[in-house]
Amino acid sequence: MLQVIGDPIFHSKSPIIQTTMLNHLGLDIPYTPHWVKKGELAGYFAFAQANGVTGFNATMPHKEDLVPMMDELGEEAIRYGAVNTVCLREGRRIGHNTDGDGCLSSLVRAGMWPARQVVLLGAGGAARAVALRLAEAGAERIWVCNRTLSKAGQLCRLEPDVLSPAGFDRDTLTRLCAQSQLVINCTNLGMDDCPHQFEDFSFLDALPQGAGVMDLIYYPAQTQLLQQAQQRGLKACNGLPMLVYQAIFSLEYFLDRPLPREELAQVVFQVLEA
C-alpha cells in the first residue's frame, strides 16, 4: 500500500494522480490519503509498519520534520532540506525530494524553460527546492524576492553565485522583471483562503514579450496572477503540472524503476481535465 500524509490531506489530488498511473501500468496497488498532524510522525511510522505501507508522499507540515527520521537521504532531499517521498524497504526509511525536478519538468512542458534570469517570489521550502534546481539547470541569475530580506538571504547563501536576495516591493519587482524571462510565485498569495493577496500586478508590465509566469498554486486553477499574466499576452502555468511530475518521479522511487514519464503525464492530465 502507498499513501500520502499531511494536515490537511483530504483535498489532495495525489490519490487520483497516483491511482491513475498505477492503473495505467496495470498494478493493483492501493494509494490512499492518511491524516497525520504535526508531531505525530512516529505514530504514523508504527501504523505504516503494521499495515504494510511500502512508501508514502508527504506534504505540509511534514517535509522538513521527516529529514532527521530517515535512515538514508537522496541528494535532492539533503540539498533541499526536505523530504516529500519516503520508501520503506526492509525496515529502512529512504527519503527523497521530487519538488525541484517536478517544477523543472513542468516549466519545460509549458515552454518556459530555459530561462537565463528568473524572479522567484517567496523564500520558503518550495522556493528553496525550485531555486536550487533551476540553478543546477543553468539559470544565470535568480532573484529571490521576499518581504523579509534576511530570509531571502539565508536561501541565497546556499548558491551565492546564482541566487541574489531582493525585496518584494513594486519598484524592485518591476526593475527585476525588466531583466528576466520568468516569474515563479512560491508564496501562498492567490490562494482562496490566504488572508493577504497581491496588491499590485503592474510589475508584470516590465516582463519582455514571450516571458512566462508560473504560480505553484493549483487551487484555484487560475489565480489573479495568472489572469493578469494572460491579459498581458504572457505564458502562464499553474502548479498542477508540477504536482503531476512530482508524482511521476515519486512513483519511480516507489517502484524502483524508470517509467514512461510523458505517457503517464498525458494520461493523468486527461483524467484531471475531464
Side-chain angles (χ1 to χ4, degrees), residues 4 12-14 17-18 21 57-60 63-64 74-85 95-146 152 155-156 158-159 162-163 180-191 211-219 221-223 225-226 229 234-253 259 261-262 264-266 268-269 272:
V4 58
S12 172
K13 291 186 181 294
S14 291
I17 292 172
Q18 292 283 5
M21 294 192 295
N57 291 118
T59 184
M60 293 177 61
K63 291 185 178 183
E64 294 179 355
E75 290 183 13
E76 299 88 351
I78 295 171
R79 186 158 167 76
Y80 304 159
V83 165
N84 76 340
T85 302
H96 300 280
N97 190 302
T98 65
D99 287 338
D101 284 338
C103 180
L104 182 61
S105 294
S106 63
L107 289 172
V108 171
R109 181 179 186 270
M112 297 183 188
W113 192 261
R116 297 188 311 279
Q117 290 89 13
V118 181
V119 171
L120 200 66
L121 307 179
R128 175 172 173 160
V130 171
L132 294 178
R133 184 66 185 93
L134 297 190
E136 292 170 352
E140 296 174 7
R141 179 60 53 195
I142 300 173
W143 289 283
V144 179
C145 302
N146 201 61
L155 169 53
C156 293
L158 299 174
E159 195 69 61
V162 179
L163 307 182
S180 303
Q181 300 82 45
L182 177 63
V183 173
I184 304 178
N185 178 35
C186 299
T187 76
N188 61 355
L189 297 179
M191 293 183 70
V213 177
M214 181 183 185
D215 199 328
L216 298 196
I217 295 169
Y218 62 86
Y219 186 80
Q222 190 176 56
T223 60
L225 177 66
L226 296 182
L234 301 168
K235 299 173 185 175
C237 175
N238 69 12
L240 191 58
M242 177 175 169
L243 185 67
V244 171
Y245 282 106
Q246 284 174 322
I248 293 170
F249 291 117
S250 291
L251 190 57
E252 289 187 333
Y253 284 124
L259 298 173
R261 295 172 183 172
E262 291 308 316
L264 289 174
Q266 189 60 33
V268 171
F269 287 129
L272 295 176

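Atom set for the values below is all heavy atoms of this structure, side chains included, hydrogens, waters and symmetry mates excluded.
Here CZ of Arg133 is found 5.5 Å from OH of Tyr80. Values are rounded to the nearest 0.5 Å.
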Using the side chain to side chain contact (heavy atoms under 4.5 Å, CB included) rule, take Ile184 and Leu107 through it: C-alpha gap first, then chi angles, then the decisive distance, then the call. CA-CA 10 Å; Ile184 304 178; Leu107 289 172; 4.1 Å; yes

Verdict with reasoning, Thr59 to Asn84, per side chain to side chain contact (heavy atoms under 4.5 Å, CB included): CA-CA 6 Å; Thr59 184; Asn84 76 340; over 6 Å; no

Where do Leu234 and Val183 land on the side chain to side chain contact (heavy atoms under 4.5 Å, CB included) test, with the steps shown first? CA-CA 11 Å; Leu234 301 168; Val183 173; over 6 Å; no

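Shown here are the side-chain contact (heavy atoms from CB on, under 4.5 Å) partners of Ala221, two or more places apart in sequence or in another chain: Asn238. Checked against ring pair (Phe, Tyr, Trp, His ring centres under 6.0 Å), Tyr253 has the following partners two or more places apart in sequence or in another chain: His96.
Listed for the Ser106 side chain is a donor-acceptor partner under 3.5 Å among the backbone atoms of Cys103.
Thr223 and Asp215 share a side-chain donor-acceptor pair at under 3.5 Å. A side-chain donor from one of Glu262 and Tyr245 sits under 3.5 Å from a side-chain acceptor of the other.
The residues Arg79 and Glu76 are annotated as not salt-bridged, no charged nitrogen and carboxylate oxygen being separated by less than 4.0 angstrom. Salt bridge Glu252/Arg261: present, at least one basic N to carboxylate O contact under 4.0 Å.
Leu163 approaches Leu155 most closely through the heavy-atom pair CD1-O, 3.8 Å. Among all heavy-atom pairs drawn from Ala82 and Asn97, the shortest one is O-ND2, 3.0 Å.
Under a cut-off of 6.0 angstrom, the local environment of CD in Glu64 is sparse, with at most 12 non-hydrogen atoms contributed by other residues, nucleotides or ligands.
The only option from Asn57, Asp99, Thr98 that meets the side-chain hydrogen bond (donor to acceptor under 3.5 Å, both in side chains) definition with Gln246 turns out to be Asp99. For the side chain to side chain contact (heavy atoms under 4.5 Å, CB included) criterion with Met21, the lone passing option out of Val244, Leu259, Leu251 is Leu251.
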